Amino acid sequence: MVKYGLDYTRCRWILPLLLGIGVIFGIIALAGRGWLESQTLPYVHQASLWESCRRPNRGGEWSCESLMNYAWGRAAAATYLVGFILLVICFALAIIAFAIDTLRFNFIRGIGGLLFVAAVFSIMGLVIYPVKFSTEIEMTGINMFSWAYGFGWTTAIMEICLGFFFCCLPNYEDQILGNVKPTYFYSSP
């Protein structure tokens, strides 16, 4: 952002925008039914963060079982939900921080630290879910962790990357605010 001469006033909303995209991906992961799906015929298993559904081999109605009946299901949902709530708080704080004309760079570093905490909680939920699901829920055929689970990992990776950006941004405070005289790579005769 600084090295290539991008103006701060034009680029100040890039990081909050990326946080907003992370929030949208988190909503998709929380609401999606594609955490686990049957990969091959017969398509008999489908699961979300909240429930596991299966149907008989020859078709018929889906019968669903809540994963909240299991301690690991509650733990996976709670840790991922805490990470998501921290992400939403970071998004709101970033909107506030970048809306103020005099940017508080220590405040931005705090948002970065909070994003790392959110990433830890999200990753804990994303690791607990497949480990315990595959050992405690009976699965038939070949199953795969699918699109909604992928959105969950995308959210966690965005939290880590944006945490680095928010933590490193204060190192370039003078360049961003225009307090440094530009250097030119040519000399006059």
Side-chain angles (χ1 to χ4, degrees), residues 13-40 42-55 61-98 108 110-168:
W13 293 105
I14 290 175
L15 292 176
L17 175 70
L18 289 172
L19 275 175
I21 292 170
V23 168
I24 291 169
F25 285 174
I27 291 170
I28 292 170
L30 284 170
R33 291 190 65 121
W35 278 57
L36 182 123
E37 294 178 338
S38 296
Q39 185 176 359
T40 57
Y43 299 110
V44 295
H45 205 179
Q46 184 180 33
S48 69
L49 181 60
W50 312 103
E51 63 185 1
S52 174
C53 299
R54 63 179 67 237
R55 69 176 176 188
E61 295 293 320
W62 289 92
S63 64
C64 296
E65 172 190 16
S66 175
L67 294 178
M68 299 302 112
N69 297 332
Y70 298 96
W72 61 266
R74 290 189 302 271
T79 54
Y80 189 79
L81 196 59
V82 167
F84 176 74
I85 289 170
L86 289 175
L87 177 65
V88 171
I89 290 170
C90 288
F91 176 64
L93 291 176
I95 295 290
I96 292 168
F98 284 98
I108 290 177
I111 294 171
L114 197 58
L115 280 169
F116 284 123
V117 173
V120 167
F121 277 104
S122 297
I123 290 172
M124 282 177 13
L126 290 166
V127 169
I128 291 170
Y129 183 85
V131 169
K132 297 305 281 183
F133 192 97
S134 60
T135 58
E136 295 198 18
I137 304 289
E138 182 183 338
M139 294 187 284
T140 58
I142 298 173
N143 297 287
M144 65 177 177
F145 291 97
S146 189
W147 59 271
Y149 185 69
F151 273 107
W153 274 107
T154 304
T155 302
I157 291 169
M158 287 182 77
E159 288 168 346
I160 293 169
C161 294
L162 288 170
F164 278 115
F165 278 120
F166 274 96
C167 285
C168 293

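The chain is numbered in sequence order, starting from 1. The figures here come from the full heavy-atom set of this structure, side chains too, leaving out hydrogens, waters and symmetry mates. Everything quoted here is computed from the prediction, not taken from an experiment.
A 4.5 Å side-chain heavy-atom check between Leu67 and Leu49 finds every atom pair outside the cut-off. Residues Cys90 and Glu159 form no side-chain contact, since every pair of their non-hydrogen atoms from C-beta on lies 4.5 Å or further apart. Under the 4.5 Å side-chain criterion, counting only non-hydrogen atoms from C-beta, Leu19 is not in contact with Leu15. Counting heavy atoms from C-beta outward, Glu37 and Met144 have side chains that approach closer than 4.5 Å.
The existence of a salt bridge linking Arg33 and Glu51 is confirmed by a sub-4.0 Å separation between a basic side-chain nitrogen and an acidic carboxylate oxygen.
Rounding to the nearest 0.5 Å places OH of Tyr80 at 4.0 Å from OG1 of Thr155. From Met158, atom CE reaches atom CZ of Phe25 across 6.0 Å, with rounding to the nearest 0.5 Å. Summarising the geometry, atom CD belonging to Glu65 is positioned 8.5 Å from atom OG belonging to Ser63; distances are rounded to the nearest 0.5 Å. Taking CZ from Phe84 and OG1 from Thr79, the interatomic distance works out to 14.0 Å, rounded to the nearest 0.5 Å. Here OG of Ser52 is found 7.5 Å from CG of Leu36. Values are rounded to the nearest 0.5 Å.
Shown here for Ala156 and Ala119, the closest heavy-atom pair between the two residues is O-CB, 4.1 Å. Smallest separation of non-hydrogen atoms from Ser122 and Gly83: OG-CA, 3.7 Å. Closest approach of Ser48 to Gly32, counting heavy atoms only: CB-O, 3.3 Å. Pairing each heavy atom of Ala29 with each of Gly152, the nearest pair is CB-N, 3.6 Å. Between Leu86 and Ala118 the shortest heavy-atom distance is CB-CB, 3.6 Å.
No more than 12 heavy atoms of other residues, nucleotides or ligands lie within 6.0 Å of CZ in Phe121, so this atom counts as exposed by the packing criterion.
With Ile111 as reference, Leu93 is the one residue of Ile96, Ile89, Leu93 to meet the side-chain contact (heavy atoms from CB on, under 4.5 Å) rule. Looking at Phe165, Phe166, Phe164 one by one, the single match for ring pair (Phe, Tyr, Trp, His ring centres under 6.0 Å) with Phe116 turns out to be Phe164. Each of Ile28, Ile27, Leu30 was compared with Phe151 under the side-chain contact (heavy atoms from CB on, under 4.5 Å) criterion, and only Ile28 meets it. Of the residues listed (Tyr129, Phe133, Phe145), the one engaging Trp35 in a ring pair (Phe, Tyr, Trp, His ring centres under 6.0 Å) is Tyr129, and it is the only one.
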Derivation and outcome, side-chain contact (heavy atoms from CB on, under 4.5 Å), residues Trp72 and Glu136:
CA-CA 10 Å; Trp72 61 266; Glu136 295 198 18; 3.0 Å; yes
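A donor-acceptor contact closer than 3.5 angstrom is absent between the side chains of Trp62 and Gln46.
Judged purely by atom type and a 3.5 angstrom limit, Tyr149 uses its side chain to pair as donor or acceptor with the backbone of Leu126. Using modelled atom types, one side-chain atom of Ser38 and one backbone atom of His45 make a donor-acceptor pair closer than 3.5 Å.
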